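Written out below as structure tokens is the structure these notes cover.
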Amino acid sequence: MRQGHGFGTRSVHAGEALDPTTGAFGVPIYQNTTYGFRSYDQLVDWREGGVPHFSYLRDGNPTTRSLEVKLADLEGAEAAVAGASGMAVISATLLHLVPAGGELVASADIYSVTRDFIGEELAARGATVCFVDCADVAAVAAAITPQTRALYTEVFANPTLRVADLAALGALAREQGLPLVVDNTFLSPALLRPIEHGATVVVHSATKYLSGHGNVLAGVACGARGVIAKIARTLGHLGGALSPFAAWTILHGVKTLPLRMAQHCATALRLATLLVVHPAVAAVNYPGLPGDPGHATATALVGGRYGGMLSFTLRGGQEATRTALNALELCTLAVSLGECGSLIWPFEEPACAGTPAAPPLLRLSVGIEDADDLEAEFVRALGLLAAS
Ligand SMILES: *Cc1c(COP(=O)(O)O)cnc(C)c1O
């Protein structure tokens, strides 16, 4: 890899070389747990920090290492560590950064399982947690105390698509000397590289766009060599090593990441534009829409490409939601996101006593099917509502 290659070239080639023993083009799956040393002298040399050598699968594997080098390159980081899932890496990162007695200031708009991890596991360990609105940097600054050990946010939040002011958060973190952890799952490095905006550690559910094909669980954390080594150590203690097969699968996914993201972005903008003026739709969350509250902040971060995720609610509540979802043919009613096929999932608001239940928030992961087909699908399904 030469310095200065474009993102598409690096997606294909970074971290990859002809296999040193066979010349295989394309990283092989090293499906083994342990590595032999040719002599006691070689072992001693390795222990004393001489020539690097793999030892045990929990601590590294050539297939996984290729993926880590590729993803560090794409995120503009010095180093990366891959793990068994997004949650494995997110939990190891936060357990390393926020010790007992420390405080985490986290965005209130984050993936629900991350919020549960913070509120249950991190809190049980004796850390305190303050959830804030990361679109409002003054509120984040006000939440910081002498005990604060880290800031945590998503950029376009799952599933509300609320936009964090990443540039201002990066400046605040730098000024306060605090690590800023950013979950970049929704945008991927093809659209945003948070380290350029002051993030210290970038985490991903590689299960989603980096894989792109919905066939494995994986996660990655990217950052400076020192912090990544510490996160890798915690990840090892938790037993979060990635399987070589999953690493190999993600290596394939990443090669087409920029092509897929371009298609996801273009189609999502078309669908959001259709939905926002449709009489059956109550509200649409998509930072690419000029009327979205995060539009200006998002545009400053990602230019004209706003990702493939949007969420919306229907006017007719539960009944309209049932009719529309049952009429969809290309969009599958399923959790997860970032796949080739479009996925839609309803998030139910907990009903308050005495008030009617709020209509479910429908999160749409726009796939790479032809935009004309997806547009026709929504026109047809929502047309059933306008008529009724
Ligand atoms: C899915 C997801 C995660 C968790 O990742 P897993 O690979 O499912 O463990 C974390 N953050 C976001 C934004 C996600 O969408």
Side-chain angles (χ1 to χ4, degrees), residues 85-187 192 194 197-205 219 221 231 285 287 292-294 297-298 301 309 311 335 337 345 347-352 358 360-361 363:
S85 66
M87 285 317 301
V89 166
I90 290 168
S91 54
T93 299
L94 291 177
L95 286 170
H96 163 60
L97 290 176
V98 190
E103 183 194 44
L104 175 70
V105 175
S107 169
D109 280 87
I110 49 174
Y111 178 60
S112 63
V113 184
T114 305
R115 197 172 45 235
D116 292 346
F117 169 79
I118 292 170
E120 295 171 28
E121 315 302 337
L122 214 54
R125 190 182 186 231
T128 53
V129 182
C130 181
F131 289 108
V132 293
D133 177 3
C134 277
D136 179 357
V137 177
V140 179
I144 293 172
T145 71
Q147 277 66 51
T148 305
R149 292 291 173 270
L151 310 178
Y152 185 94
T153 193
E154 293 172 11
V155 187
F156 290 9
N158 185 2
T160 60
L161 278 302
R162 190 161 174 81
V163 179
D165 191 346
L166 182 60
L169 288 174
L172 177 68
R174 207 172 312 119
E175 178 193 303
Q176 299 280 333
L178 288 170
L180 170 62
V181 182
V182 174
D183 181 336
N184 196 29
T185 300
F186 262 38
L187 289 168
L192 181 76
H197 301 275
T200 315
V201 177
V202 177
V203 293
H204 277 276
S205 169
I231 292 168
N285 305 310
D292 190 274
T297 310
L301 288 172
M309 299 300 302
S311 57
V335 294
L337 58 105
W345 189 249
F347 290 80
E348 314 279 342
E349 285 284 332
C352 300
L361 178 68
R363 183 188 67 189

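All figures in this text were calculated on a predicted structure; none of them were measured in a lab.
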Taking the side chain as C-beta and beyond, is there a heavy-atom pair between [X] and [Y] under 4.5 Å?
{"X": "R149", "Y": "L97", "answer": "no"}
{"X": "L172", "Y": "I144", "answer": "yes"}
{"X": "T114", "Y": "N158", "answer": "no"}
{"X": "H197", "Y": "L180", "answer": "no"}
{"X": "I118", "Y": "I110", "answer": "yes"}
{"X": "L95", "Y": "L122", "answer": "yes"}
{"X": "L166", "Y": "L192", "answer": "yes"}
{"X": "R363", "Y": "L337", "answer": "yes"}

Please check if the side chain of [X] supplies one atom and the backbone of [Y] the other of a donor-acceptor pair under 3.5 Å.
{"X": "R115", "Y": "A108", "result": "yes"}
{"X": "R125", "Y": "V98", "result": "yes"}
{"X": "E154", "Y": "Y111", "result": "yes"}
{"X": "T185", "Y": "S205", "result": "yes"}

Euclidean distance, [Y] [atom2] relative to [X] [atom1], rounded to 0.5 Å:
{"X": "F117", "Y": "L94", "atom1": "CZ", "atom2": "CG", "value": "6.0 Å"}
{"X": "L104", "Y": "F131", "atom1": "CG", "atom2": "CZ", "value": "7.5 Å"}
{"X": "D136", "Y": "D165", "atom1": "CG", "atom2": "CG", "value": "9.5 Å"}

Any idea which heavy atoms bring [X] and [Y] closest together, and the distance?
{"X": "A143", "Y": "V105", "result": "O-CG2, 3.9 Å"}
{"X": "P194", "Y": "N184", "result": "CD-ND2, 3.5 Å"}
{"X": "T93", "Y": "V89", "result": "OG1-O, 2.7 Å"}
{"X": "P179", "Y": "T200", "result": "CA-OG1, 3.3 Å"}
{"X": "D133", "Y": "A139", "result": "O-CB, 4.5 Å"}
{"X": "T153", "Y": "A164", "result": "OG1-CB, 3.6 Å"}

- Ignoring hydrogens and angles, state whether a donor on the side chain of N285 or S311 is under 3.5 Å from an acceptor on the partner side chain. yes
I'd like to know whether V203 forms a side-chain contact (heavy atoms from CB on, under 4.5 Å) with Y152, so could you lay out the CA-CA distance, the side-chain angles of the two residues, the decisive distance to 0.1 Å, and finally the verdict.
CA-CA 10 Å; V203 293; Y152 185 94; 4.0 Å; yes
Practice problem: Carefully, step by step, assess C130 and T128 under the rule side-chain contact (heavy atoms from CB on, under 4.5 Å). | Solution: CA-CA 7 Å; C130 181; T128 53; over 6 Å; no
